[in-house]
Amino acid sequence: MPELAEVDFFRRRWWEAAARQTVLSAEINPPSRVFRSFAKEFAGGTTALAKTLSGAKLTDSATHGKQMWFVFKPGAGNGKPKELLWLGIHLGMTGHLRAELPDYRAQKHDAIILRFSKHALVFNDARQFGRVRAWLGAAKERPPWLRDLPNEILSSAFTPELVRSVCARHARAPLKAVLLDQSYFPGIGNWMADEILWRASLHPALPAGRAATQVIAKKLHATIQQVTRDALRVIAGQGKKLPPDLNVHIPDTWLFNHRWEKGGLCPKTKNPLHRAEIGGRTSCWSPARQKLGQA
DNA sequence: CACGATGTTCCCTG
DNA sequence: CCAGGGAACATCGT
């Protein structure tokens with residue numbers, strides 16, 4: 001499910017339920033594939049993670065694209081006093097976070113349950129394409145997996161020139177595939193990419209090199225930022241109250257509500273939408289406004 | 001029963 | 001080493 005706005009929605013759901021609270025107990029279910037390679041990266045593996053989390057205070061949280069993390073201050077007697085614990089969560093395809101009542105009983109595919117006095121925080125992932133990481137370090141440091149992150153889409157370093165150079169470098173790849181590259185466009189996923197290309201009137205199969213002009217890159221850059229702002233506002237309730245769930249009302253003027261509909265129509269032209277696999281993913285576009293011939 | 005799903009990573013080829 | 005394409009991962013819902 002999750003692209004950058006959904007990721008921030010889930011982060012907020014945990015944070016608003018348990019910010020600055022202390023973990024009473026932690027249940028970690030290592031059979032879940034989300035802990036693949038965990039033991040290699042965290043001394044003591046999932047057992048040590050559960051032990052460190054128990055008695056720790058949730059002190060911070062953040063996202064970067066599809067990455068999200070929670071920072072804990074471990075309780076006394078757990079490691080060095082000045083160390084903090086970073087818990088990184090990637091939701092993969094089907095991962096989600098919930099805040100349940102304190103007496104919540106584990107369900108199928110629950111990978112993590114953190115019990116606090118007022119809530120139980122749950123990470124559940126049926127397909128287990130998600131991933132959990134953890135790291136202990138001094139307060140001023142950062143886990144290796146949070147170093148050297150790409151520029152966030154709404155940061156000032158994310159420029160039209162950056163978009164242009166990425167398109168030039170991957171000149172022969174379909175534009176859709178380039179937009180899905182997390183090392184350049186952190187947080188963009190399948191629906192956002194389709195939404196961006198549709199709004200910018202660019203065909204998903206357009207070789208990216210043909211978008212590597214100043215004019216097109218500028219338009220693409222502006223559309224990427226606009227879709228990102230819209231998604232964060234509508235889905236994650238940015239700057240407002242957290243929406244109760246992900247079934248928020250998405251305006252029918254977006255492609256979003258039409259891209260999976262049978263016989264779906266382009267909201268702008270009212271002509272039929274097309275679907276095909278491009279860049280390894282099912283893509284939806286409006287042939288009436290997104291043409292391969294002209295960019 | 002078959003197909004595909006809002007993702008990432010590894011492997012192969014040129 | 002790079003760019004690009006395809007398969008694999010695992011489960012569930014239509």
What is the separation between atom [atom1] on [X] and atom [atom2] on [N], rounded to the nearest whole Å?
| X | N | atom1 | atom2 | value |
| --- | --- | --- | --- | --- |
| A:Arg133 | B:dT8 | CZ | P | 11 Å |
| A:Gln107 | C:dC12 | CD | C1' | 15 Å |
| A:Arg36 | B:dT8 | CZ | P | 11 Å |
| A:Leu175 | C:dG5 | CG | P | 13 Å |
| A:Glu6 | B:dG7 | CD | P | 9 Å |
| A:Lys108 | C:dC12 | NZ | P | 4 Å |
| A:Arg131 | B:dG7 | CZ | C1' | 13 Å |
| A:His96 | B:dA5 | NE2 | C1' | 16 Å |

- Query: Between A:Glu277 and A:Arg169, which has a closest nucleotide on DNA chain C that is more 5'?
  - Reply: A:Arg169
- Message: Dot-bracket, 5' to 3', for DNA chain B please: Watson-Crick or G-U pairs under 3.5 Å, [ ] where pairs cross earlier ones, | where the partner sits on another strand, dots elsewhere.
- Response: .||||.||||||||
- Reckon A:Arg172 touches a base, only the sugar-phosphate, or nothing at all at heavy-atom distances under 4.0 Å? sugar-phosphate
- Task: Using a 4.0 Å heavy-atom cut-off across all strands, classify A:Ala177 as base, sugar-phosphate, or nothing.
- Result: nothing
- Query: Do the ring planes of A:Phe42 and A:Phe38 sit parallel (below 30°), tilted (30 to 60°) or perpendicular (above 60°)?
  - Reply: tilted
- Message: Classify the ring geometry of A:Phe185 against A:Phe158: parallel below 30°, tilted from 30° to 60°, perpendicular beyond 60°.
- Response: perpendicular
Choosing from [options], which nucleotide comes nearest the side chain of [X]?
| X | options | result |
| --- | --- | --- |
| A:Ala173 | B:dG7, C:dG4, C:dC12 | C:dG4 |
| A:Phe129 | C:dC9, C:dT11, B:dA5 | C:dC9 |
| A:Arg33 | C:dA10, B:dT8, B:dT9 | C:dA10 |
| A:Pro174 | B:dA5, C:dA3, C:dG5 | C:dG5 |

Report yes if at least one side-chain N or O of [X] is closer than 4.0 Å to OP1 or OP2 of [N]; otherwise report no.
| X | N | value |
| --- | --- | --- |
| A:Gln182 | B:dG7 | no |
| A:Lys66 | B:dT8 | yes |
| A:Arg281 | B:dG7 | yes |
| A:His109 | C:dA10 | no |
| A:His90 | B:dT8 | yes |

- Using 4.0 Å as the upper bound for N to carboxylate O, is an ion pair formed by A:Arg133 and A:Glu41? yes
- Query: Quantified in whole Å, what is the P atom distance between nucleotide C:dG13 and nucleotide B:dT8?
  - Reply: 23 Å
- Query: What interatomic distance, in whole Å, is found between P of C:dC12 and the corresponding atom of B:dT9?
  - Reply: 23 Å
- Aromatic centroids of A:His119 and A:Tyr104 separated by under 6.0 Å: no
- Task: Looking only at non-hydrogen atoms, find the nearest pair between A:Ile113 and A:Ala120 and report the distance.
- Result: CG2-CB, 4.2 Å
- Query: What's the shortest heavy-atom distance between A:Leu255 and A:Glu195, and which atoms?
  - Reply: N-OE2, 3.0 Å
- Knowing that exactly one of A:Arg281, A:Arg275, A:Arg259 qualifies, which makes a salt bridge (Lys or Arg N to Asp or Glu O under 4.0 Å) with A:Asp194? A:Arg259
- Message: Looking at A:Lys40, I'd like to know if its NZ atom is crowded, meaning that more than 12 non-hydrogen atoms belonging to other residues, nucleotides or ligands lie closer than 6.0 Å.
- Response: no
- 5'-most by nearest nucleotide on DNA chain B - A:Leu180 or A:Thr282: A:Thr282
